[in-house]
Amino acid sequence: MSADTGPTTTQDRPDPVGPGAPPRGRTGGLFASEVLTLFRRRRTQAILGVLAGVPILIAVAVKLSSAPRPGEGPPLLDRVTQNGLFVGVTALVVSVPLFVPLAIGVVAGDTIAGEANLGTLRYLLLAPAGRTRLLAVKYASTAVFCFAATLTVVLTGAVVGGALFGLRPVTLLSGDAVSVPESFVRALLVAAYVSVSMLGMSAIGLFVSTLTEIPVGAMAATVTLAVTSQILGGIPQVDWLHPYLFSHHWLDLGDLLRTPVVWDSFVANGRLQLAYVAVFTALAWARLTTKDVLS
Amino acid sequence: MTDLAIRTRALTKRFRRHAAVDGIDLVVPRGSVYGFLGPNGSGKTTTIRVLLGLAGATDGEVEVLGRPMPTDLRAVLPRVGALVEGPAFYPFLSGASNLRRFDAADAGASRRSRDARVAQALDRVGLSNAAGKKVRAYSLGMKQRLGIAASLLRPRDLLVLDEPTNGLDPQGTREVRSLVRSLAADGTTVFVSSHLLAEVEQICSHIGVMSAGRLVAQGTLDELGGAGGSRVRVTTPDGADAARVLTGLGLGAPDVTADAVVAAVPVQLNGSAPAPEDVVAALVAGGVRVRGFTVEHDSLEDRFVALTGEGFDVVR
């Protein structure tokens, strides 16, 4: 250690923190650092790799067998051979019940609990990151991951599907044919829909993550809640509950594949997710800002 | 502006009903190197967590750099560098990337100077050559150094180092000592916790001793070191004669064994006690065959053990 290098006195520097003027702004730096750290992790890359594998699997399976007839297999599967772009959309639809929630659960459950587990939470707070600011940045980066996850599926599907089946105009659920650029927009719209669908669950994961120092526990709890919500959604005896389940609109993306686009489910889903985001980010905030960080 | 870097009044931290920190009044003057001593489990780290706003106090007041905590946390913490309960990093990032991340978390830290400050902090702890290496591959000592580097990313008024030499080899321990000295020479207040007395004794100007959640002693090194007793030890076959002479000189309670006599120098005599050569002259004049003569002072370690109890048992 060269003990005599560097300025250490504080007398010769302007104090950036005047009385009553806490540092504001420059949250962008922490947000950029958070996103960078998230996507640099092998685990994040592996999750995105697995998600990218779904459309590849579907495209190869369809290519190696006879063309599926309408109504056979997962929804939209029969469109795949018409337009390769639909490989991505189909893959996303089959991933919505489990694969996508699993990915989001891992990332959202890790937000605070993961930092607590590493011990880095205390150093972020000592920086000082600010508990509210840290929570906002963590949620925002999870939201970024939601979009990254769905785009990974749709774009990989588009590339693989385009290569194996070509890109041609496609017939939508309403019977109208749309051009290739239009179908690309529709595919992105589906990705956006699924991303928005996951925002409520991300907030639940964030909250659960503030309750524990064991990230795996928070991840498992979040995914369990997602599965439970879908099971309850399938039980008609509790249909009064269905409109309040965060998974209620997860598969209502057929409206985006009609001409003209019907936005009802997009709006209803957005409202529901917004309610979940409001409630669970508030709970997470109440928890984190009052918690003793002892990890 | 007070001249105290840290001040607590009746600070108490309870976990359920167990008081980890029990009504302590810390007084850490600015510019001091304050050794925060205590055995494992005596509440040192909990105190540090409360001082820095990581945990809330159950009762009492905390002021750091003249401002109430945690109320003024956002104004205080940028001026405080800290190493709390060991270093912690993202194992999948390099040493330099870890420091950049912690620096980015500080809203007041300049982005433009970030790379330069990170490089300087790494250089200061001798890690420049390992800057690009993943922390996963760091040894415990290297992580400890990186933790100290993280606390030096910006100029600090106060440095809180919790067990800074944990895991360091003797060379690293020496380096930490010289680093603390150079920081203190620049005017930074250093609050360093440790259970290793020898380490603290060499660099500190002030000391506080914790035991079972209470602050059992606090003051300058001289006050605490001098508060201990001293004794004279006479090696002689004439125990009874020696004891008589020593008692006559005002030394208390001679302890006579087969070949030696030990007598305490009463505290009120400190300063006015007879000089060692006069004691020897009186002994010889009294017909005592003096084979050896020493004056023994309580070491800080004796004091420490007296204050915190002997043995390995965690108190609670």
Side-chain angles (χ1 to χ4, degrees), chain A residues 1-13 15-34 36-37 40-45 114-134 137 289-295, chain B residues 15 46 49 52-56 67 72-82 84-93 97-98 100-111 114 120-121 123-126 145 147-148 150 152 155-157 172 175-176 178-179 181-183 186-188:
Chain A
M1 298 182 201
S2 51
D4 50 358
T5 52
T8 321
T9 45
T10 48
Q11 285 85 353
D12 57 350
R13 87 191 143 101
D15 190 351
V17 187
R24 294 239 172 242
R26 281 196 252 184
T27 293
L30 180 57
F31 177 63
S33 156
E34 181 62 39
L36 199 68
T37 307
R40 262 201 217 167
R41 275 194 101 150
R42 287 270 172 75
R43 186 174 70 198
T44 313
Q45 293 162 5
E115 300 279 0
N117 186 250
L118 285 176
T120 43
L121 180 58
R122 65 177 179 268
Y123 288 107
L124 290 175
L125 295 181
L126 289 174
R131 298 189 185 207
T132 307
R133 182 165 161 262
L134 181 65
V137 162
T289 51
T290 54
K291 170 178 173 163
D292 280 351
V293 175
L294 301 173
S295 59
Chain B
F15 294 109
T46 304
R49 285 180 187 282
L52 299 176
L54 288 175
R67 291 179 178 224
D72 283 0
L73 184 141
R74 299 221 287 174
V76 170
L77 287 186
R79 299 162 61 196
V80 179
V84 183
E85 201 167 22
F89 297 104
Y90 305 89
F92 49 90
L93 295 181
S97 297
N98 266 289
R100 274 196 289 274
R101 171 148 172 83
F102 289 136
D103 197 60
D106 180 354
S110 153
R111 200 173 194 161
R114 181 164 300 151
Q120 198 179 51
D123 178 55
R124 204 151 184 191
V125 298
R145 285 164 188 252
I148 295 173
L152 299 175
R156 311 288 193 184
D157 292 320
E175 285 166 357
V176 167
S178 91
L179 187 70
R181 280 201 195 98
S182 83
L183 289 165
D186 290 341
T188 308

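Because the structure is predicted, anything quoted here is derived from the model rather than measured.
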Legend entry - Option in B:A121, B:P87, B:A150, B:G147 with maximal non-hydrogen atom pairs under 4.5 Å from chain A: B:P87

Please find the pair of heavy atoms, one from [X] and one from [Y], that lie closest to each other, and give the distance.
{"X": "A:L124", "Y": "B:A105", "result": "CD2-CB, 3.7 Å"}
{"X": "B:G53", "Y": "A:R131", "result": "O-NH2, 3.2 Å"}
{"X": "B:L73", "Y": "A:P128", "result": "CD2-CB, 4.4 Å"}
{"X": "B:A55", "Y": "A:L294", "result": "CB-CD2, 4.2 Å"}

Inset, instruction - Evaluate the side-chain proximity of A:L126 to B:F102: yes if any heavy-atom separation is below 4.5 Å, no if none is. - result: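 A side-chain contact is absent here, since even the closest heavy-atom pair is not under 4.5 Å.
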
Inset, instruction - Taking the side chain as every heavy atom from C-beta outward, state whether A:L118 and B:P91 have any pair of such atoms under 4.5 Å apart. - result: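 Yes. Closest side-chain heavy atoms under 4.5 Å.
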
Top residue by heavy-atom pair count (under 4.5 Å) with chain B, among [options]?
{"options": "A:L36, A:L125, A:V137, A:V293", "result": "A:V293"}
{"options": "A:A127, A:G114, A:A32", "result": "A:A127"}
{"options": "A:G130, A:G119, A:A129", "result": "A:A129"}

Inset, instruction - Give, as side chain, backbone, both or neither, the part of A:E34 having an atom under 4.5 angstrom from any heavy atom of chain B. - result: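 For A:E34, backbone and side chain are both near chain B.
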
Legend entry - Contact class of A:R42 relative to chain B, heavy atoms under 4.5 angstrom: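 The answer is neither part of A:R42.
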
Legend entry - Under 4.5 Å from any heavy atom of chain A - which part of B:L93: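 The side chain, not the backbone.
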
Within this structure, what is the [atom1]-[atom2] distance for the pair [X] and [Y], rounded to the nearest 0.5 Å?
{"X": "A:D292", "Y": "B:F15", "atom1": "CG", "atom2": "CZ", "result": "6.0 Å"}
{"X": "A:R40", "Y": "B:Y90", "atom1": "CZ", "atom2": "OH", "result": "12.0 Å"}
{"X": "A:Y123", "Y": "B:L54", "atom1": "OH", "atom2": "CG", "result": "9.5 Å"}

Inset, instruction - Using modelled atom types only, decide if a donor and an acceptor are shared between the side chain of A:R122 and the backbone of B:E85 within a distance under 3.5 Å. - result: yes

Inset, instruction - Return yes if a side-chain donor-acceptor contact under 3.5 Å exists between A:T120 and B:R101, otherwise no. - result: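 No - no donor-acceptor pair under 3.5 Å links their side chains.
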
